[in-house]
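First comes the structure, then the notes that go with it.
When reading the values below, keep in mind they use all heavy atoms of this one structure, side chains included, and skip hydrogens, waters and symmetry mates. Numbered from 1 within each chain, the chains take letters A, B, ... in sequence-line order.
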Protein chains: 2
Amino acid sequence: MATEGRTGPGLRDRFRAQVRQEVKTAALRQLAEGGPEALSLNAIAKQVGMTGPALYRYFANRDGLLTELVIDAYGDLASALAQAAGDAAADGGARLTSVVQAYRDWALAEPHRYRLLFRAPLQGYDAQATSLVEAAQPAMNVVLNVVSHLATPRAPEVAGSGSQFRNWMERRGVEDVSEAVAARTTMLWAHLHGLVSLEIEGNFTSMGIDPTPLYEAEVRDMVHPR
Amino acid sequence: MATEGRTGPGLRDRFRAQVRQEVKTAALRQLAEGGPEALSLNAIAKQVGMTGPALYRYFANRDGLLTELVIDAYGDLASALAQAAGDAAADGGARLTSVVQAYRDWALAEPHRYRLLFRAPLQGYDAQATSLVEAAQPAMNVVLNVVSHLATPRAPEVAGSGSQFRNWMERRGVEDVSEAVAARTTMLWAHLHGLVSLEIEGNFTSMGIDPTPLYEAEVRDMVHPR
DNA sequence: AGCTTCAGTTATATCCTCTCACAAACACGC
DNA sequence: GCGTGTTTGTGAGAGGATATAACTGAAGCT
């Protein structure tokens, strides 16, 4: 009873993991049509083939499921960005273009998941905010990396940005990045988020505007500043 | 019976309007603590002094109430921006700084309302999307106006932006604005939205960054481009 | 003054999340 | 291969949400 030898991966755990995955994909499918409001545990359970309460064996509650979806989405976005960063040739500008494109494409392909990333934390659970912030780091690191390899030794355009980025970078273990790069990456991130947010909500469409040139301008301002 | 002289505003309508306003302020108070999810018609009714179903005399349903809140918020933001644009001296750069500041301040003062602006339309009711888009125009026009009066005759940084902004501007009756200005305004809007979104969600705080210099950089890039 | 219209109530249907108590199924040590 | 304990799923149900329907009372309008 007490000191039993673990058999390893566990046979039961495997089934459990698979059910969790099925639930999550059902949740994503439901999320895609109707937004986070329409995500109903009962309906998900029915789709998976169980009754409602059974889901609570796999997820603590509704927010727990949503939080995992957010973390998964962050991971997905990060790998999409990483692949784009790896795809392009060594040229810094091309890599940035590729990463920006990947960011936009990912958001456009799954707008409900993109919304989840920046919408979920504020719904009510600030408790897990830290874990969510951590989940966002890998994606950020890709951008940070690409920006840092731009062949543009440019003076920081952000006044007084000298020291305030330092502890942030130290905390995440990135030391080979200048503070100016960190500032520019932050700006780029905010700009991209703004453009993508407006695009997936259809603001550009309702204005009759093709946002592609706007993204190009963004990259250009980054590669070829001032 | 037929051709009666209208007594004016109507006595009953006045009461009705006041109740509607009370409901909306109660809704806003509830929105401020707990987000849009926590907005409960029952609780609102109790605060106003009625039972739940009575609210349906004043608003079609939950989304109807939310939509009105969104429209009101757009109006509020627009007047805040307009006041900021009027406050500053004639100098174009100072006016832009003031407007950007006002945009940020408004969002920080009432983050729940700001979230409502960009979150509500996507919840499910695309039907009213057009009315919401229209509601957003006045705020946009203020920014457009300020940007157009910048003393920077700058070539459009957005490639191929020449004609695509034209019909948009025509549709809203703004003709004294060059297409380059429209493109730059759109970019500024997106950038501001990105910065504000990240700020009110606490992303900068969690990074230990003071975003003020980022906004300043935004204005600087706008006033003093390339 | 009388008729009509509207505000607000109670009751109800249907949905949701989430807890609890119980039954069935499985893994594992002996 | 057999008990034993953990795990998984079910049904029942509490508590609350939106929304509808039928009814009551009190205003306003002519």
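Between A/Asp13 atom CG and C/dC26 atom C1' the separation is 13 Å, expressed in whole Å. Between the P atom of C/dC16 and the CD1 atom of A/Ile44 lies a distance of 11 Å, rounded to the nearest Å. The separation between B/Glu37 atom CD and D/dT18 atom P is 12 Å, rounded to whole Å. Nucleotide D/dA17 holds its P atom 7 Å from the NZ atom of B/Lys46, rounded to whole Å. The nearest whole Å value for the distance from the CG atom in A/Leu65 to the C1' atom in C/dC18 is 14 Å. C/dA21 atom C1' lies 17 Å from atom OH of A/Tyr56, rounded to whole Å. Look at CZ on B/Arg62: it is 15 Å from P on D/dT20, rounded to the nearest Å. D/dT7 atom C1' lies 17 Å from atom CZ of A/Phe59, rounded to whole Å.
Residue pairs meeting the ring-ring contact (aromatic ring centres under 6.0 Å, His included) criterion with at least one partner in residues 182-212 of chain B, sequence neighbours excluded, are A/His191-B/His191, B/Tyr114-B/His193, B/Phe118-B/His193. Each salt bridge (Lys or Arg N to Asp or Glu O under 4.0 Å) pair with one or both residues in residues 44-53 of chain B, not counting sequence neighbours, would appear here, but there are none. Among pairs with a residue in residues 23-68 of chain B, none fulfils ring-ring contact (aromatic ring centres under 6.0 Å, His included), at least two apart in sequence or across chains.
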Identify the pairs formed between an N or O of the protein and an N or O of nucleotides 6-9 of chain C at a distance under 3.5 Å, and give each distance.
{"from": "C/dA7", "atom 1": "OP1", "to": "B/Arg16", "atom 2": "NH1", "distance (Å)": "2.8"}
{"from": "C/dG8", "atom 1": "OP2", "to": "B/Tyr58", "atom 2": "OH", "distance (Å)": "2.4"}
{"from": "C/dG8", "atom 1": "N7", "to": "B/Arg57", "atom 2": "NE", "distance (Å)": "3.0"}
{"from": "C/dG8", "atom 1": "N7", "to": "B/Arg57", "atom 2": "NH2", "distance (Å)": "3.3"}
{"from": "C/dG8", "atom 1": "O6", "to": "B/Arg57", "atom 2": "NH2", "distance (Å)": "2.1"}
{"from": "C/dT9", "atom 1": "OP2", "to": "B/Thr51", "atom 2": "N", "distance (Å)": "2.7"}
{"from": "C/dT9", "atom 1": "OP2", "to": "B/Thr51", "atom 2": "OG1", "distance (Å)": "2.6"}
{"from": "C/dT9", "atom 1": "O5'", "to": "B/Thr51", "atom 2": "OG1", "distance (Å)": "3.4"}

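Among the atoms of the strands shown, only primed sugar atoms or phosphate atoms (P, OP1, OP2) are found under 4.0 Å from some heavy atom of A/Asn61. Looking at heavy-atom distances under 4.0 Å, B/Leu39 makes contact with sugar-phosphate atoms alone, never a base.
By the side chain to side chain donor-acceptor pair (under 3.5 Å) test, A/Asn42 is found to be paired with no residue, residues two or more places apart in sequence or in another chain being considered. Evaluation of the side chain to side chain donor-acceptor pair (under 3.5 Å) rule for A/Glu110 yields A/Arg113 as partners, not counting sequence neighbours. Residues meeting the side chain to side chain donor-acceptor pair (under 3.5 Å) test with A/Arg57, sequence neighbours left out: none. Residues meeting the salt bridge (charged side-chain N to carboxylate O under 4.0 Å, His left out) test with B/Arg16, sequence neighbours left out: none.
For the residue pair A/Tyr215 and A/Gln101, no side-chain donor N or O sits within less than 3.5 Å of a side-chain acceptor on the partner.
Under 4.0 angstrom from either OP1 or OP2 of D/dT18 there lies at least one side-chain N or O belonging to B/Asn42. Taking 4.0 angstrom as the limit, A/Ser40 places none of its side-chain polar atoms (N or O) nearer than this to OP1 or OP2 of C/dC15.
Using modelled atom types, one side-chain atom of A/Arg184 and one backbone atom of A/Met222 make a donor-acceptor pair closer than 3.5 Å.
Taken residue by residue, residues 20-30 of chain A places no heavy atom nearer than 4.0 Å to DNA chain D.
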